[in-house]
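First up is the structure itself, then whatever we jot down about it.
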Amino acid sequence: MIRTALGADGSAPVLAVNRLTKRYSRAAPPAVADVELTVAHGEIVAIVGESGCGKSTLLRLIAGLENPDAGEIRIGGRVVSDERTWAAPEHRGVGMVFQDFALFPHMTVVGNITFGLASLPRAQRRARAEAMLEMVDLAGYGDRYPHQLSGDQQQRVALARALGSEPALLLLDEPFSNLDTTLKRTLREEMREILQRTGTTTLLVVHDAEDVLALADRAAVMRAGRILQEGDADTLYRNPCNEYVARFFGETNVLPAQPCEGGFQTSLGIVACAGAANCPGAVQLCLRPEHLQIVSGAAGRPAVVDRVHTVGMRRRVVVRLDDGSPGETLVVHTGTESHLVPGDRIRILPRAECAHVMSSD
Amino acid sequence: MAESHGTESTPAEARVVHSAGQSAIVLALAGEWQLETAAPRFADVLDPSVKADAIGFDTDNLGAWDSSLLIFLLQARDHCDTAGITFDTSGLPDRLTRLLELARAVPDRVAEPDAPQLSRVERIGTAGLVAWDAAMESVAFTGAVTDSVIRLLLRRTRMRWREFWVVVQSNSSGALGIVTLIALLVGVIIAFLGVVVLKRFGAGYYVSYLVGYGMLREMGALMTGIIMAGRTGAAFAAELGSMKITEEIDAYTTLGVSPIDHLVLPRMLGLFVMMPLLVIYADFVGMAGGMMVAVTLLDLTPTQFISGLLSAVTLSDALLGVYKGVIFGVIIGLSGCMKGMQTGTDAGAVGRSATNAVVMGITLIILANAIIDWLAALLQI
């Protein structure tokens, strides 16, 4: 299911990773286990996961900064790493932007950019560096030193340095983790614009689902060295494969469910859902807050309002089901026209055909 | 979290109420349950010999309450759990029930399974494997540096001369002060030793021999090596270690520049050039120190001291010391740069690398010194 990635024109993918495994020590579980991943030409793909899930290791393996224990990496159709071959990082055609930018502190901005351009004739290097600076909106900053630049400017220089040699594949390691929220937002937009304008095939590692939605065409969710699910942001939001992915991409209600006649038996009653018939046993249902509604009349389950927050154009209502003694809490989104206060007794009902079935592991 | 039902302030009270003909005990909770006043303890309220199937509560007369009541109820529940009695919360106010749930909702701590106890053979084997890996890394690093030196000699690589000169500077003018001090004192110490021992045999004149041989063959190179290991070796490890942590070294690699050529080579060469010069300097300073002591404590003139020294030592003695200095320079450079390049990624890694570089450098210097002395004795140099 993962090896989908022939480009739109049927060309081979820029990056193809096949059953890649990396162990740091004999005793510990592998940092990267059996990972399969492809990135098509011009695509921006994100690897997301919590810190320590192996996503940075995967990036370093692709860059050639670590040696894999098993598996194959192809870049631009050429094998750069398998059991027999191992191409040095500079022969892989990758550009990398590091988490702490890793600019050379003793060189000027232009020096940093020209440093990676050794293949060009000396006379052209300076002109190329100036052009790169212009592209990242830093024209005129060429003679400054990295410590004279702000965080986002350093990040742009790092991007210019990595793109200077026109790599087949650009690798970004946590590009926004050192920036504050506002800078991050503008830089993210700009970066997407630059990457699309230059048609750069990009693989980036982020830990924030928001970055995925803003920057990437497609994302792979990684946990404990394995890729759990791959797809565009919409798929990951609507059809997560398990609870971890569901929660990673936004708030959700997860209900244990048993298949029954006409749907699934849950604490919200019978929820009609496609795919109930061929479900062998207990599963989980993913119901996003907007998939629940507060109804009047006899339908739905009784519940008590616990907390109400206003979030932009909607209200986030935390309710407690009014049946069992501990009372399961659920989150419901409603419009701002509703005037609920904690303690109100209401009834909630899932919207039709919104629930998504996930495996219960 | 006080919940007040009345204005009267009565002390906290818990009383056993037996419902006749039933095996359930009802505890009547009444009064103000506040942490600052004494609250009953469950063990004092309930006679453990009383047999019951369930414990319930009556809170009709309960006043304001806080955590003290919760503590009491948790004691009650623990008692119920151990004695197998039903704990009936139906008589408690809603908020109290929820707090009880919360108090119990601490997740079960997952006990880490103890690492299996290794047998002695396994421990020795593991330590052996670790040592083997470390040895292999050292060999690989030495090989990489050698390869880089060869490429430099064949003019296949370009070294960063600026870095080289920085190292030269920090190991010449920057190091002279400490080398002067230590070498002078070592010369003085050797001379004192000679004065004490040789004067006994009326051979005080031969202090110049001892100072000459001692400084030129052994102490000049050894002391310079130890100073440089602590100064320069640690600095190399710290510089390269912090570059490793900021991924600067990885950045060089991905841009197609070998960090060995670019960062290690100039440092190694700088030390390689400067160490013998520093050793020669230390030799002279040390002999001067020895002369000061000999002239002050013995009936010797500086001329006598110098002519005695020159009649004894030969050029090969001096060259042996200089040769040692070269070897020590290579050892310090290799251990400092290697520990720097092997730096881990955690916060304390740079400090650890610097310490390890010094320990490794000094150990190897002394080992190498012993081996060279042994070879020199065999070859009768």
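Just so it is clear: chains get the letters A, B, ... in the order the sequence lines come, proteins before strands, and each one is counted from 1. Hydrogens, waters and symmetry mates are skipped; everything else that's a heavy atom, side chains included, is used.
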In terms of heavy-atom pairs under 4.5 Å, which option from A162(A), P89(A), A158(A) contacts chain B the most?
-> P89(A)
Atom CH2 of W86(A): over 12 foreign heavy atoms under 6.0 Å = yes
Contacting moiety of R92(A), where chain B heavy atoms sit under 4.5 Å = neither
Inter-residue atom distance E247(B).CD - L65(A).CG, 0.5 Å rounding = 8.0 Å
Taking non-hydrogen atoms and a cut-off under 4.5 angstrom, which of residues 249-259 of chain B neighbour chain A?
-> D250(B), A251(B), Y252(B), T253(B), T254(B), L255(B), G256(B), V257(B)
Per-residue contact mode, D133(B) against chain A (heavy atom under 4.5 angstrom) = side chain
Please check if atom CZ in F164(B) has more than 12 non-hydrogen atoms from other residues, nucleotides or ligands closer than 6.0 Å.
-> yes
Those residues of residues 93-110 of chain A, ordered by number, that approach chain B below 4.5 Å (heavy atom to heavy atom) = V94(A), M96(A), F98(A), Q99(A), D100(A), A102(A), L103(A), F104(A), P105(A), H106(A), M107(A)
